[in-house]
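In what follows, a structure is listed as structure tokens, so that the remarks can point back to it.
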Amino acid sequence: MSSYPLETIRHSAAHIMAAAVKELFPDTRFDIGPSTDDGFYYDFDMDHRLVPEDLEKLESVMKRISAEKLPFKKLEISRAEAESLLKSQNQKYKLERLADIPEGEAITFYQCGEFVDLCRGPHVENSGQAGAFRLLTIAGSYYRGKETNPMLQRIYGTAFENEKALRVHLNMLEEAKKRDHRKLGKELELFTVADDVGPGLIIWQPKGGRIRNQIENFWREEHYKNGYELLYTPHIGLSNLWQTSGHLDFYKDAMYSPMEVDKNDYYVKPMNCPFHIQVYKTRNHSYRELPLRWAELGTVYRFEKGGVLHGLLRVRGFTQDDAHIICTPEQIEDEIERVLKFSLYMWKCFGFNEINAYLATRPEKAVGEESRWEQAITSLEKAVNKCGLKCEVDKGGGAFYGPKIDLKVKDAIGREWQTTTIQFDFNLPERFDMTYVGADGQKHRPYMVHRALLGSLERFFGILIENCAGAFPAWLAPEQIRILPITEDQHASAASLADKLRELGFRVDTDMRTEKIGAKIRDARNLRIPFIAVIGEKEVAAGTVSVRSRREGELGAIPVDTLIEKVKNEVAEKL
RNA sequence: GCCAAUGUAGCUCAGUUGGUAGAGCAGCUCAUUCGUAAUGAGCAGGUCAUCGGUUCAAAUCCGAUCAUUGGCUCCA
């Protein structure tokens, strides 16, 4: 139908929403209403507290405005005129936005029906072309995103070219809801949080534990294969350590309060780095032993603000799949490339193949020599190119202590998750005075790189659950095979079959309830168990099992050995 | 931390204008021994998040606290 870009359609939909708001709540002061990646929003300041029912009302007004096909009129006026116009309407936020427009730039307003808005445009021609829209949620948002500013009310909506595209998007949202890791975590008994333990502190239940154990084992093996050594370090450390690291100066708000023992303050660690540095500091190092690659599944605690906690994705206690690489300037490029390749391999094994890179460079305030920053950034760029990754650059977006590359992985329903991070550190080697002796016999400052491939096990688990919608690939499934005897007569056979399979290394359970086979099948399927083996009179006699594979459906009666082969093959896939 | 919504049995939810709680599933008991997505009957299960207030009377109204949800912000 219309050939406008989606952003234009959405931006115009935002204007139509604002027009509807103005109609229903005339005293509203408007801020801005941009398009976003998947829709649009508009921020308002009004006395009325928006409630969900308002969305329906606004939507019907919007539909009316859309049906009226009112033209979007562009008005170009002088700054003075614009000012007096906005002043007369008491639009203080708009006035401030106006002041932001550089001298000499054209000042444009767009009018649609009664609603006139300071806006750069562009817009669709008339309100009938703003596509198919839907208002979604009400939220609060700080004016200009600053905590000290007043809070405005924001309405989120989305718009698409046509009804069909909108429906596809809304279906995706539904789908996302269905695979919400919090819901599945409860249903599949994977993890929980307890009021008496504390918010953001994850308790892994047996089934989650089985999965985590698989992940960890795989992770450790691969790290040894990739030339890492594994460390184990304490959960707490003396204040001195955190003083030296600088955490107490810069990061204290996000740390749990100290515990005083014997007149010493111990802090629960928010990061593993200072401990790894202690390992480095146990003795002198020669350039000949570099690079050192030290990894740890290190559990850290950060006192995140209450409002940001979210299931497994944002928590207060989590286990980072952390590692520190300490190397010479000459080695840095190879090392970064190795890490990137390692990460891509890792994610592929867990079923994620679409990955993009985001490079963050030197901010205004930074520590470390400029030349080192440049070398680091160059090595990051080169490595990204060698790995054939698409890369976006966030200029000045790095931390003060070093540039970094983040990877974002795309999941089964197209959402991007920030996961891997590779982060240079020019700060800690300095603070802890880390050195190595070079070929010249002189002391040199090594490069240090932090990296986490999965991010944290908790967050990774959340992403994993949502990606597979609870149907874990066979190599991770907490229960790979469930054996269902049809009557009590087969209990003994079921038990000995389970023992046999367990001995072969499979995760097997039996369902000995006196339920009908239909009920047992149903429960097993709801748990997304990859292989269901039914064993009745006939199977016992023939030495077979009737198998239902999650992937292939009903396979009928097959010899036990054939089942074993099948499970083995599927487990070996590491999809 | 901020804005808003929510909090009733293990889970998912109902509970009219205030008159001290109800269903399904899960659990337990008994019966059923069954062939590929729910066998039947019975029993038990709740300081209605917590604390305080209004009222003759509070799950219901008000306030505070805690937690969760959607956002904002933060994530050196």
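The basis for the numbers below is simple: all heavy atoms, side chains too, and nothing from hydrogens, waters or symmetry mates. So that the names make sense, note that chain A is the first sequence line, chain B the second, and so on, each numbered from 1.
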Original post:
Can you say whether the rings of A:W347 and A:F352 are parallel (under 30°), tilted (30 to 60°) or perpendicular (over 60°)?
Top reply: perpendicular
Subject >> Gap in Å between the two C1' atoms, one belonging to B:G1 and one to B:A23, rounded >> reply: 41 Å
Original post:
What interatomic distance, in whole Å, is found between C1' of B:C66 and the corresponding atom of B:U36?
Top reply: 48 Å
Subject >> P spacing across the pair B:G18 / B:A58, given as an integer number of angstrom >> reply: 13 Å
**OP:** Find the runs of at least 3 consecutive base pairs, i with j, i+1 with j-1 and so on, that include RNA chain B, using Watson-Crick or G-U wobble geometry with both distances under 3.5 Å.
**Re:** B:1-7 with B:66-72, B:10-13 with B:22-25, B:27-31 with B:39-43, B:49-53 with B:61-65
**OP:** Considering only atom P, compute the distance from B:A14 to B:G24 and round it to an integer number of Å.
**Re:** 16 Å
Original post:
If we take the P atom in both B:A21 and B:C25, what is their distance in whole Å?
Top reply: 23 Å
**OP:** Mind checking A:E539 for me? I need base, sugar-phosphate or nothing, with any heavy atom below 4.0 Å counting as a touch.
**Re:** base
Subject >> Touch class at under 4.0 angstrom, heavy-atom based, for A:M271 against every strand present >> reply: base
**OP:** Identify whether any heavy atom of A:E537 sits under 4.0 Å from a base atom; if not, whether one sits that close to sugar-phosphate; answer base, sugar-phosphate or nothing.
**Re:** base
Original post:
Going 5' to 3' on RNA chain B, which nucleotide is the first and which the last to come under 4.0 Å of a heavy atom in chain A?
Top reply: B:G1 to B:A76
Original post:
With a 4.0 Å cut-off on heavy atoms, is A:N427 in touch with a base, just the backbone sugar-phosphate, or nothing at all?
Top reply: base
Original post:
Just checking A:G145: base, sugar-phosphate only, or nothing, at a heavy-atom cut-off of under 4.0 Å?
Top reply: sugar-phosphate
**OP:** Indicate, with a heavy-atom threshold strictly under 4.0 Å, whether A:G518 touches base, sugar-phosphate, or nothing.
**Re:** sugar-phosphate
Original post:
So what does A:H247 touch, heavy atoms closer than 4.0 Å: a base, only the sugar-phosphate, or nothing?
Top reply: base
Original post:
C1' atom, B:C11 versus B:U68: distance in rounded Å?
Top reply: 16 Å
**OP:** Carefully, step by step, assess A:W373 and A:Q375 under the rule side chain to side chain contact (heavy atoms under 4.5 Å, CB included).
**Re:** CA-CA 5 Å; A:W373 273 83; A:Q375 191 192 1; over 6 Å; no
Original post:
For A:F40, is the NZ or CZ atom of A:R10 found under 6.0 angstrom from the centre of its six-membered ring and inside 45 degrees of the ring axis?
Top reply: no
Subject >> Option from A:D31, A:D117, A:D100 for which salt bridge (Lys or Arg N to Asp or Glu O under 4.0 Å) with A:K94 holds >> reply: A:D117
Subject >> A:Y280 vs A:P446 side-chain heavy atoms within contact, under 4.5 Å >> reply: yes
**OP:** Could you tell me whether A:K538 contacts a base, only the sugar-phosphate backbone, or nothing, with contacts defined as non-hydrogen atoms closer than 4.0 Å?
**Re:** base
Original post:
Say you pick atom P in B:U16 and the same atom in B:G7; how far apart are they, in whole Å?
Top reply: 12 Å
**OP:** Measure from the ring center of A:F30 to the ring center of A:F44 and say whether it is less than 6.0 Å.
**Re:** yes
Subject >> Closest non-hydrogen atom pair, A:Q423 against A:A399 >> reply: NE2-CB, 4.1 Å
**OP:** Pick base, sugar-phosphate or nothing for A:T487, based on heavy-atom distances below 4.0 Å to the nucleic acid.
**Re:** base
**OP:** Take A:I326 and A:W294, measure what side chain to side chain contact (heavy atoms under 4.5 Å, CB included) needs, and give me the verdict at the end.
**Re:** CA-CA 8 Å; A:I326 301 165; A:W294 289 338; 4.2 Å; yes
Original post:
Applying the salt bridge (Lys or Arg N to Asp or Glu O under 4.0 Å) test to A:E466, which of A:R459, A:R179, A:K178, A:R415 qualifies?
Top reply: A:R415
Subject >> Whole-angstrom distance between B:U60 and B:C48, as gauged at atom P >> reply: 9 Å
Original post:
Contact class for A:T137 vs. all strands (heavy atom < 4.0 Å): base, sugar-phosphate, or nothing?
Top reply: sugar-phosphate
Original post:
Taking for each residue the nucleotide of RNA chain B bearing the nearest heavy atom, is the 5' side occupied by A:N526 or by A:G246?
Top reply: A:N526
**OP:** Indicate, with yes or no, if the rings of A:F275 and A:W242 have centres closer together than 6.0 Å.
**Re:** yes
Original post:
So what does A:I517 hit on the nucleic acid, given a heavy-atom distance under 4.0 Å: a base, only sugar-phosphate, or nothing?
Top reply: sugar-phosphate
